[in-house]
Amino acid sequence: MREYQKTEETLLAVTCNACGKTLRVENGMLLEEAIAVRHPFGYFSSMDGEIHSFDLCEDCYRKWISGFCIPVKIEENTELLVDTE
Ligand SMILES: [Zn+2]
C-alpha cells in the first residue's frame, strides 16, 4: 500500500500489506526494498475490470515465495555492475 501527496506525486509512505510494517521513506524516496504488485485482471478472470495492487516488505516476499512449488526465476542484474576497466 502506497500513499502519495497528490499535488506533487511525492511518495509519503509505504506499508507492507502482509505484515503492516511501515517501510522507511525520506524525502519521497523509499529507503528499503519493497515488492510492488499491480495487476489489472482481464476478461477471462472472475475479477475482470478490477485492478489489484499491493506492496510487500522483503521478509514477507521471502515467506511468500518459499511456498511456491516451482521456485522463482533468479537472474543476475548486470545493470548494477560497474565496469572498472
Ligand atoms: Zn511484511
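Both counts, for ligands and for their atoms, begin at 1 and track the order of listing.
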Item to check | Min side-chain heavy-atom separation L11-L30 under 4.5 Å | outcome: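 A side-chain contact under 4.5 Å exists here.
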Next on the checklist: Is the shortest side-chain heavy-atom distance between M47 and H39 below 4.5 Å?
Outcome noted: no
Checklist entry - Is it true that atom CG of N27 has more than 12 heavy atoms of other residues, nucleotides or ligands lying nearer than 6.0 Å? => result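 Counting other residues, nucleotides and ligands, CG of N27 stays at 12 neighbours or fewer.
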Checklist entry - E3: what forms a side-chain hydrogen bond (donor to acceptor under 3.5 Å, both in side chains) with it, not counting sequence neighbours? => result none
Next on the checklist: Is there a path of hydrophobic side-chain contacts, each under 4.5 Å between heavy atoms, that joins L56 and I74?
Outcome noted: yes
Checklist entry - Do D55 side-chain atoms and M1 backbone N/O form a donor-acceptor pair below 3.5 Å? => result yes
Item to check | Neighbouring protein N, O or S atoms of the Zn ion (ligand 1) [cut-off: under 2.8 Å, no waters] | outcome: C16 SG, C19 SG, C57 SG, C60 SG
